[in-house]
Structures are given as C-alpha cells and as structure tokens.
There are 2 protein chains.
Amino acid sequence: MSLRHALLALLTVEPMTGYDLSKAFQASVSHVWHAPDSQIYPELRRMEADGLLVGTEVPWGPRGKKREYHVTEAGLDAFRAWMNEPLSYTRERDPAHLKAAYLEWAEPDAARAQLRAHIANFDEQRVEWLEKVREIDTGTSAMLEKRLGHAPASEHASIRAYKRYTYVGLIARAEHEIEWAERGLVLIDELNGTDAAPPAD
Amino acid sequence: MSLRHALLALLTVEPMTGYDLSKAFQASVSHVWHAPDSQIYPELRRMEADGLLVGTEVPWGPRGKKREYHVTEAGLDAFRAWMNEPLSYTRERDPAHLKAAYLEWAEPDAARAQLRAHIANFDEQRVEWLEKVREIDTGTSAMLEKRLGHAPASEHASIRAYKRYTYVGLIARAEHEIEWAERGLVLIDELNGTDAAPPAD
DNA sequence: GCTAACTATCTATGGGGATAGGTAGCTGAC
DNA sequence: GTCAGCTACCTATCCCCATAGATAGTTAGC
C-alpha cells in the first residue's frame, strides 16, 4: 500500500506522467522506495479510478501523446491521512542476518565474500545518500527546489530539515551495517586462525 | 526463496513437524525470519517433492498422527549451496524513512506518535534480542544447545559465535533506529517551537 | 532517409506472503 | 463428561512485486 503513497508524495511537487514517475523512482527517491514501471502504470490508473488523481492527455510530438497525472483534493487528503496514521511494523525478514546466524555452514571464503558484498552494497548506498544530503544542503536537488517553490516560505525549513533527517538516518544505518560486516570479517579470521591479511581487494 | 532455507536451517537441528516449525518461527528465529503456518505446510510438501526433506508419519495419541520432516543429504547440499552463494541485494523499500521524508505533511503530534511507535517497536525487539544473547551466553537456548549436541566440539565456538554475532548486530541496529527516532522527536520540537517537555509517556 | 536511443505505455506470468478461514484430534481441568 | 485450549494440518483468496516482453511514437545524428 505504500507505492500509492510514494506516488502521491512525488505528485505533490508537480504533475507527472507514469514515465516521469518511473524515472523519479530510479533517480531521486530510489533509495527510500523503488518500483518498476509495470507497477506504476496500473497503480496510476487505479488511483485515478479512486479519485486521487486526474489524468489528462498531453500531446507529445505530431502523433504521440502522454498522460499526465495531477493530485486531486481527495488525493491530498489521502496522503495527509496516511501521513497522520501510524505505520504497522511487520516482523523482520532479513536474509543477511539469517545467513549470518548460520555462517558456520559456509566456506570461510564464501562467508568473507558475503560480508564484503554487504559492505559494498551499503557503501554504495552510503555514497549516494551522502550526495543526496549534499544536494539538499546546496540547493541543487531539482525535486526539492521545485517542491520549495510551491510551498510557503514558512515551511521551507521543515521541508528541508525532514529530507535531511531522513537521509542522514539512512547514512548512519548504512555505516552501522558496514561496521557490523567488518566485525564479521574479523570474527571469521579469528575463528579460522587466519592471522595473515587475506583480502586482495 | 529464503523461507525454504530458513526451514532447512531449523531442520538441521532435529526433525520437526510443520507445527513445531511454525512455533520455532514464532519463538526462536522469529526476529530474523517469520512465516505463518499457511506458508510453512505447503512449502514443506514442496521441499519433500524436491527431495530436500523426507516426511514420516508419527502417531500422536490413539488416532491422531503428525508428519515429521527430516533433512536429506540433498537438503544439506542445498542449504550449504545457499550459504555459499552470495545474496542479491534488492533496492530499499522502507516505509518508515519514506514517511520521515515527508513529515511536514503530518500533524506534529501524529509525527511524534510515529517516531514513538518506531522507538517502541525497536525497543521491544532490542529487549528480545538482548535476552537471546543472554541465552546464548548462558547456554540456556534450547535450540542452540541441541544444535551443539549434534555438532563436533571443534565447531562449537564458531556456531555460538555466529549466533551471537547476528543478534549483537541486530541489537546495534535497533539502537541505531531508536537514536534516529529520538533525534526526530527533538527535530519536531525545534521546528514547532515546542520547548516545553510534551511527552506524558 | 535511416538507425539508434530514448520516451511512453501496457500485458502476462508467477512467486511470496498476508489474512482468513476450515477440520480434526488431543489434553487437562472443572 | 464436557468444554476450553492446544496441537496438527490444510485451503482459498488477494495483493504486491519481480521479471519479461510487446508495442509504438519521438528525437537526433549520420
């Protein structure tokens, strides 16, 4: 049910087509949410049917056309309602930690490779999020600046602060995951008596 | 595809019925993985069809019976193969951070309630995981001690260490989430000029 | 004028999981 | 002896999502 609200969040900035939204998911919001276009297009149709959006045909070149969606009052209400309503926390489902609990079953090198992949994954995310924070701070985030353009000046500080707060939190989490995996690498060496420095990379 | 491997992980300790496994998910492993019985029973059937498990009918009372599954060699191979194979990291999908990025849309009190719920959720998990680590350290975890009973003494240190490593990592992550939410509560107060201490709980 | 790369949208299939039931036997307390 | 609560297993439906692929128009460069 969050895809719908992620779409609403993006559409509160400006009207967009399904294609725009799918690009926005890949680029701007991608590291808080993500969805393929095959999910986005039907969901937009459903949201229009539910009255949250209105879609208008926009010509595109001589014969082409595209469908641009903008949020209705009902859509804004739904988004606000979702924002005010508590989240339901479902139980954990975490393959990385599941595997970690049984690492004695893996070859030491395979175990090391997994933890290095864990580090690489979160390091990559960390770099992207750091860049995001930099964009927020320097006013070079296209979506954010557009959003600020439509919002009263009195809200600018909050809007910017919450975006920053989110990404800073994600960076800290990524750093925690990296530290955890690094401790794991040390542990594997200890348990396997490999005192020599093994990593080539 | 991880449910299958979570089930294999549990069944490497000792043969169990679907019911046992569903209880084990609720109790022991529940905070690394979780599944309802309606998922477990059919998956066990499929795993048996795939040759990973063998199920035997065990009488239960005068007329009742239950089906106990034990892992085959093929099952052990499959589990080892999964353990040696790298995880694929799919893109983030994180409702809590998604909402955090748009907190300006929520009423300040609703925003506070969300972050408090975030804290409560991770605090609860933290307490359970701390208890788990205590059980690992004091040798009072039934599953772990059974597992150690079937494993050569030379592996005991690794087995215990990896379990501990997993839960300690989860505790640290929970603490990070709590800290993040607490910073959020401060931020909300700052942005809303509420200097007085508001929380009744 | 053709081709490659991009914009735009949609369908189909299948897996995993949540939720909500249903059936039946067993055990122990009152 | 019967009722509550537990053990045991199963089915059905729906939703979300991943993956793959189909179609068609546009733009720009060569």
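In what follows, every heavy atom counts, from backbone to side chain, and hydrogens, waters and symmetry copies are set aside. So you know, we letter chains A, B, ... as the sequences are listed, proteins then strands, and number each from 1.
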Which whole-number value in Å describes the distance from [X] [atom1] to [N] [atom2]?
| X | N | atom1 | atom2 | answer |
| --- | --- | --- | --- | --- |
| A:Asp20 | C:dC6 | CG | P | 16 Å |
| B:Ile40 | C:dA18 | CD1 | P | 11 Å |
| A:Met16 | C:dA8 | CE | P | 12 Å |

Query raised in the report: Taking OP1 and OP2 of C:dC10, is either one under 4.0 Å from a side-chain nitrogen or oxygen of A:Arg45?
Result: yes
**Report entry** N or O in side chain of A:Arg4 less than 4.0 angstrom from D:dC15 OP1/OP2
**Finding:** no
Query raised in the report: Can you tell which of A:Trp82, A:Trp33, A:Phe79 makes a ring-ring contact (aromatic ring centres under 6.0 Å, His included) with A:His5?
Result: A:Trp82
Query raised in the report: Among C:dA18, D:dC9, C:dC6, which nucleotide sits nearest the side chain of B:Tyr41?
Result: D:dC9
Query raised in the report: Counting side-chain heavy atoms from C-beta on, which of D:dC17, C:dA8, C:dG17 comes nearest to B:Leu3?
Result: C:dG17
Requested in this report: Look at A:Asp50 together with A:Arg4 and state whether they make a salt bridge at an N to O cut-off of under 4.0 Å.
Outcome: yes
Query - Under 3.5 Å side-chain donor-acceptor pair for B:Thr12 and B:Arg147 - result: yes
Query raised in the report: Quick one: salt bridge (Lys or Arg N to Asp or Glu O under 4.0 Å) partners of A:Lys163, sequence neighbours excluded?
Result: B:Glu104
Report summary line: Each nucleotide of nucleotides 19-25 of chain C classed B (base within 4.0 Å of a protein heavy atom), S (only sugar-phosphate) or -, in 5' to 3' order, makes BB----B
Query - Pair B:Trp129 and A:His97, ring centroids less than 6.0 Å apart - result: no
Report summary line: Here the gap from B:Leu8 atom CG to B:Leu53 atom CG, rounded to the nearest 0.5 Å, amounts to 6.0 Å
